[in-house]
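Provided herewith is a single structure, encoded as structure tokens, for subsequent inquiry.
Throughout, protein chains are lettered first and strands after them, A, B, ... in sequence-line order, and every chain is numbered starting at 1.
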There are 2 protein chains.
Amino acid sequence: MAKKVSLKDIAQKAGVSIASVSYVLTKGNNSGVGPELSEKIKKIASELNYRPNQIAKSLQSGKSYSIGLIVADISNPFFANIARIIEDQAKKYNYTVIFGSSDEMASKSSDLITFFVNRQVDGFIIAPAEDSLEQIKALQKQNIPFVLIDRYFPEIDTNYVATDNFMATFKATNKLIESGNSEIGLIAYNSELYHMQERINGYCKAIEEAGCSPKKSNIKKIDFSSLKEQINKKVDELVLSDNPVSAILFATNTLALYGLKRIDALKLKVPDDVSVIVFDAAEAFDFYYCPLTYIKQPLFEIGTNAVDILVDQIDKPNKKLSQVCIKSTLVENESSK
Amino acid sequence: MAKKVSLKDIAQKAGVSIASVSYVLTKGNNSGVGPELSEKIKKIASELNYRPNQIAKSLQSGKSYSIGLIVADISNPFFANIARIIEDQAKKYNYTVIFGSSDEMASKSSDLITFFVNRQVDGFIIAPAEDSLEQIKALQKQNIPFVLIDRYFPEIDTNYVATDNFMATFKATNKLIESGNSEIGLIAYNSELYHMQERINGYCKAIEEAGCSPKKSNIKKIDFSSLKEQINKKVDELVLSDNPVSAILFATNTLALYGLKRIDALKLKVPDDVSVIVFDAAEAFDFYYCPLTYIKQPLFEIGTNAVDILVDQIDKPNKKLSQVCIKSTLVENESSK
DNA sequence: TTGAAAGCGATACCAT
DNA sequence: ATGGTATCGCTTTCAA
């Protein structure tokens, strides 16, 4: 790699001090440096195609202008979309985004956080993995700015931006009840994460308000790590039991993707045999024969807010925490009839 | 942010020099430092929870251990999947990935490259945008290591990893011919990018070998920036003309996504009314009523090879260039019958 | 208006 | 075996 041009090179060529060059190049016109000298330096800098070394700047300033984004899996459309929004928003503040996927595993998440802290990121945007509470607390203790997205921990006070998961599934379940479904199944992840708990709670609350009590047998929980192995059995339990459900609410779009495949394989028709509502849209559903009713999360707002809050927190470390909860909307289609 | 622990802090607490601390912490046991002192330093370092400042290391070593990934759009599943593979592979070498989306625009691509160069990335993995040839040449001239993926420029000698686009569409078109289709349409992007040209060439070659000459009216080109505005008209021109095609080859999965929606809207059935082959798989096709024949790109190989080659190039700047072309496979399903 | 020099944190050469 | 010190590129204080 050809050696890079530094302030020193410019200073030598111009026959001035490094300091003067620095002044001109960073402060612009009102640098205190004389106009002719100023011009000369600018000219040489551009001739030499000078590019400031961001690393050196960072070492000196203590700011890297980079943020670490940790999600479950960057290849998951939900997170890929958020990543794009975060990228664009971060660029507005001149921040760079470095990313990592935790695969919902605390150990990977922990490694990533350490890795990124060593690289001196100025802050984090994190969709925290199961059992990562301690890591988040550690971040807090070290006063490293961060914003949680998608999920958060109600027991600790942090910045977060998420949707109102409880209301979202509450409304969705109500919709299914209104459509005349009495037995409604829920397929969720087997997780203590707050967003998942809230989705389950919203479902239960709606059932209760309808005067029933939520049945354990209608709530199926699937392990993150063995989705494909468990989903068929859980779907079967819901729709093939003695008292089968007439509707299913899927707590994420990945669950729905595989769940619907099973429903199709069983030759059951949506919505005639089973009504369906899905949490989150996905391109995959574009071609489903029955247009799906789904809960639409405010991705753009989540992403932009997260960046705004993080950057603000980085600039003003004593700012009070921001906890943003944004409503999702229920997009009604045929599948919930 | 609580001030970070530095070598100096450890040195002070241990009553030794910074140099000794550095030796112990970087060289391990055979550091030349006495065993007792060694232990003492290690103990204090871990007590203080010392984390080396990667920025300082980078400044000193001239290596940032980060690579810039520039794709068209990180939220596009194709690139999101590649990003994940690159992330995992980079981690094996202790590299961090920072990413940016060019939206297929040369201007954005150029900004990103500059931005990342300033941040001292050690190298790039780039899916080059239209008209970005000059930027790539500039990278070359500056001796900055990079590997192109997905597309490359045949007129310049660079590292690249791509699939054999020509063979892929050649075989796909042949398949459609074998299935008895005489008029075959191609929907591609209106782009000079090599991968797109090769996909078009492969199609033409297959038609020629079948003893026909490719008709201009059967080849439809769509602008990147106005896909949704143009696709319906192009599909219509293919299937509703006086001499309609009986099969369509889509040059990317995004084109197919919208093209198939149009075909459905026209009440045409796949494959009875129109046979279809798609370049690349996508979750979106999982639910298409007719299982689609598609060209499966070797994503994993492309991603891992790109990282391997880049890291090798960073370590050995004089190494000769690697140009890797990996076959895609045609996954045959109902839609091409 | 200009510049010398300290310092950011870590490494490595060269003394002792 | 241990440590002083120059160095990476840049910013900023202080002095001239």
Five pairs at each end of the helix from C/dT1-D/dA16 to C/dT16-D/dA1: take the axis at both ends and give me the angle between them to 10°.
60°

With B/Asp73 via salt bridge (Lys or Arg N to Asp or Glu O under 4.0 Å) - residues at least two apart
A/Arg84

Just jot down the side-chain hydrogen bond (donor to acceptor under 3.5 Å, both in side chains) partners of B/Lys316, sequence neighbours excluded, or say none.
B/Asp312

Going 5' to 3' along DNA chain C, which are the first and last nucleotides with any atom under 4.0 Å from a heavy atom of chain A?
C/dT1 to C/dG9

My understanding is that only residues two or more places apart in sequence, or in another chain, count here; which of them pass salt bridge (Lys or Arg N to Asp or Glu O under 4.0 Å) with A/Lys8?
none

Output every pair passing ring-ring contact (aromatic ring centres under 6.0 Å, His included) with a member in residues 78-112 of chain B, not counting sequence neighbours, ordered by first then second residue.
A/Phe99-B/Phe99, B/Tyr65-B/Tyr95

Short side-chain to backbone donor-acceptor contact, A/Gln54 and B/Gln120, under 3.5 Å
no

Partners passing side chain to side chain contact (heavy atoms under 4.5 Å, CB included) against A/Asp131 (at least two apart in sequence or in another chain):
A/Ala106

Protein-proximity profile, nucleotides 10-16 of chain D, B/S/- by nucleotide at the 4.0 Å heavy-atom cutoff, equals BBBB---

List for me each residue that meets salt bridge (Lys or Arg N to Asp or Glu O under 4.0 Å) alongside A/Lys92, sequence neighbours excluded, and say none if there are none.
none

Sequence neighbours excluded - ring-ring contact (aromatic ring centres under 6.0 Å, His included) pairs with any residue from residues 121-154 of chain A:
A/Tyr152-A/Tyr160, A/Tyr152-A/Tyr194

Whole-Å distance, A/Ile55 CD1 to D/dG9 P, equals 12 Å

I'd like to check the salt bridge (Lys or Arg N to Asp or Glu O under 4.0 Å) partners of A/Lys63; sequence neighbours left out, ordered by chain and number.
A/Asp315

For residues 8-50 of chain B, which residue pairs pass the ring-ring contact (aromatic ring centres under 6.0 Å, His included) check, not counting sequence neighbours?
none

